[in-house]
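Accompanying notes for the structure given below.
For ligands, and for the atoms within them, numbers begin at 1 and follow the listed sequence.
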Amino acid sequence: MNAIDPKIMTPTQEIVRLSEATANRIAAGEVVERPASAVKELVENAIDAGARQIDVSIADGGKTVIRVRDDGCGIPPEDMALALERHATSKLVGDDLVNISQYGFRGEALPAIASVSRFSMTSRAAGGDAWQIKADCGSTGTPRPIAHALGTTIDVRDLFHATPARLKFMRSDRAELQAVGDVVRRLAMARHQTGFTLADVSDGQDRTLFRAEAETGDLFDARRARACRILGRDFAENTVRIAAERDDIGLEGHVGLPTWTRGTAAAQYLFVNGRPVRDKLLIGALRAAFSDVLSRDRHPVAVLFLTCPPARVDVNVHPAKSDVRFRDPGHVRGLIVSAIRHALAGAGHRPTSTITTAALGAFSQSPQSPESKRAWQSQPMHSYRPARRDVDIAVALQEPADADPFGQGGFADSTPGWTSARADESPATDPVPGEEAHPLGAARAQLHETYIVAQTSDGIVLVDQHAAHERLVYERLKAQRDRHGVVRQSLLIPEIVDLGTDAPRVLEHTDALAALGLGIEPFGPGAVAVRDIPAVLGNPDPQRLLRDVADEIVDLGTSGALGERIDAILSRMACHGSVRSGRRLSGAEMDALLREMEATP
Ligand code: ADP
Ligand code: MG
């Protein structure tokens with residue numbers, strides 16, 4: 001039986017071809033979703049026209065005015081009407097959809113935008129006069145002479161006024177303005193040779209929101225200068241350079257240090273052959289590259305340019321062209337992950353400039369500013385007292401050197417500065433030595449039984465002792481696994497853990513878990529006996545350890561192979577073998593932790 005209502009199937013009208021205006025308006029839904037997508041298309045056109053300077057003005061988040069002015073090649077009057085027709089483009093050479101080197105090629109943007117707005121295009125090409133053509137909701141006029149410098153200005157008023165349904169989906173002016181800003185910054189990042197401005201002209205004002213001068217000089221410096229312009233001065237100091245090549249795919253750019261992260265992915269600028277993309281594969285690769293050094297809720301900063309032969313990537317997946325499809329995704333992912341991990345490993349323990357500067361700034365703001373700052377810089381921690389009573393800082397005083405068994409650590413004797421804790425000695429000219437060898441400095445205090453404060457020659461380092469130790473245990477587990485399997489330690493009495501319905505799922509992975517040092521076997525319905533645990537964990541609670549590992553396995557779903565999850569499982573385990581926060585550490589213990597951190601990748 002057919003469930004479709006026969007009335008719907010019976011055509012009540014003859015089939016007619018859509019008018020050009022209607023077809024354009026339908027297409028507009030795909031190409032221009034919101035003001036920001038119109039801005040993207042217009043700025044891309046300006047770049048394709050070879051502009052050296054592009055000025056964008058918008059009012060009311062782009063809903064009432066979008067104006068993009070460029071000094072590019074311009075459009076001669078005889079081509080103006082054609083440019084507003086669908087599928088008319090000057091950018092495809094023949095029918096080659098593979099070697100696409102310009103942003104545009106579909107010939108869709110101008111007609112789409114013109115079909116849903118009050119549109120005007122003013123342009124002057126070299127050797128000619130300036131002309132203007134207007135269109136109102138798709139009905140195009142004829143070009144008229146007008147005054148204009150070399151280049152083109154596109155003026156879009158009342159976007160979507162002809163499609164009220166779409167207008168309803170616009171978000172607040174603020175949200176739209178933010179999206180426009182994002183588009184301009186991304187294209188500005190891609191084209192450092194071009195100058196950009198973005199101005200808000202709402203209510204007759206003219207407020208510059210963004211300005212980037214054209215950058216000159218060699219590619220690397222110019223790109224970095226542009227990145228600093230967009231992401232802030234800190235960018236240069238807090239990023240590492242990426243430059244890698246595999247076969248015919250190149251990767252170039254910068255990623256932020258793991259200590260310089262963001263709460264969202266907004267500071268990730270990814271480009272494929274110069275085109276800004278938001279591609280799942282690339283974003284996933286970036287995340288994977290940072291998975292060992294970032295918690296899940298933090299996002300790395302990245303500006304990465306991937307280049308490959310056009311034949312290896314399809315940009316024609318979607319009209320907005322922000323998705324791409326690679327012929328060999330695994331290859332691309334591998335290149336990104338390994339290049340970034342390499343660069344981060346090479347950066348070692350370079351601390352973030354912003355954090356150290358801010359921390360020192362915070363101390364210098366205390367009431368006795370100059371003195372206390374000097375005291376901070378030149379004195380060992382035990383002579384420093386918080387200036388204000390209400391500052392609740394529990395400073396765990398380091399024992400004076402002679403009462404401390406530092407000698408065992410092996411640092412005290414070779415590097416005298418480490419133990420400059422005697423109050424009667426003047427350590428004023430006694431910076432922390434061995435900065436090269438000990439970038440994390442000398443432990444000076446423990447705060448709240450949670451943070452270790454270390455002094456370096458020109459800064460301070462704060463270490464979360466639990467997180468740090470957990471990380472060390474994790475790296476040890478990984479190293480053992482890679483060498484000969486994680487060293488196990490048998491429990492005197494096996495621990496019975498009730499996992500309920502999760503038990504079979506966990507037991508499926510008995511062999512894989514054994515290689516990770518976790519020996520389990522079935523123990524009646526729903527229960528599992530834990531026989532061995534990884535030795536480096538010390539004395540963890542086997543109940544909680546297995547429960548956590550089980551959660552991680554259940555997260556995998558039914559089909560997954562444990563292989564992909566091994567690092568996550570090791571990381572869960574590491575958590576159980578770590579110094580908890582809230583434990584008081586001696587100076588020697590703190591220093592030992594710092595030294596081990598330095599020695600660990
Ligand atoms: P596409 O960019 O895909 O070719 P568009 O509809 O965006 O399609 O533009 C149509 C044509 O109009 C372009 O191919 C180009 O020749 C011309 N054009 C559009 N904007 C400009 C501009 N700012 N400067 C010079 N020519 C332009
Ligand atoms: Mg275009």
Check your understanding: Mind checking what makes ring-ring contact (aromatic ring centres under 6.0 Å, His included) contact with F210, not counting sequence neighbours?
Key -> none
Review point. Looking at H254 versus F220, is the centre-to-centre ring distance below 6.0 Å?
Key: yes
Review point. Looking only at heavy atoms, is any part of D48 under 4.0 Å from ligand 1, and if so is it the side chain, the backbone, or both, or is it neither?
Key: neither
Review point. Is E108 touching ligand 1 with its side chain, its backbone, both, or neither, if touching means heavy atoms under 4.0 Å apart?
Key: backbone
Pick from [options]: the one approaching [atom] most closely through a non-hydrogen atom:
atom	options	answer
atom 22 (C) of ligand 1	D79, L84, T152	T152
atom 27 (C) of ligand 1	I75, N45, I154	I75
atom 11 (C) of ligand 1	G74, A49, A83	A83

Exercise for review: Ignoring hydrogens and angles, tell me if any N or O in the side chain of Y103 forms a donor-acceptor pair with the backbone of G274 under 3.5 Å.
Suggested key: yes
Exercise for review: For the pair D158 (side chain) and H161 (backbone), establish whether a donor and an acceptor sit closer than 3.5 Å, ignoring hydrogens and angles.
Suggested key: no
Review point. Does the pair R207/D200 count as a salt bridge with the N-to-O cut at 4.0 Å?
Key: yes
Point to revise | Lys/Arg-Asp/Glu bridge criterion (N-O < 4.0 Å) met for E215, R229 | key: no
Point to revise | Numbered atoms and elements of ligand 1 in range of P111, under 4.0 angstrom, heavy atoms | key: 6 (O)
Practice item. Please identify which atoms of ligand 1 are closer than 4.0 Å to at least one heavy atom of T89. Key: 1 (P), 4 (O), 14 (O)
Check your understanding: Got a sec: is N45 within less than 2.8 Å of the Mg ion (ligand 2) via an N/O/S atom?
Key -> yes
Exercise for review: Go through the steps for H299 and T261 under the test side-chain hydrogen bond (donor to acceptor under 3.5 Å, both in side chains), then give the verdict.
Suggested key: CA-CA 6 Å; H299 298 262; T261 59; over 6 Å; no
Review point. Can an N or O of S90 be found at a distance shorter than 3.5 Å from an N or O of ligand 1?
Key: yes
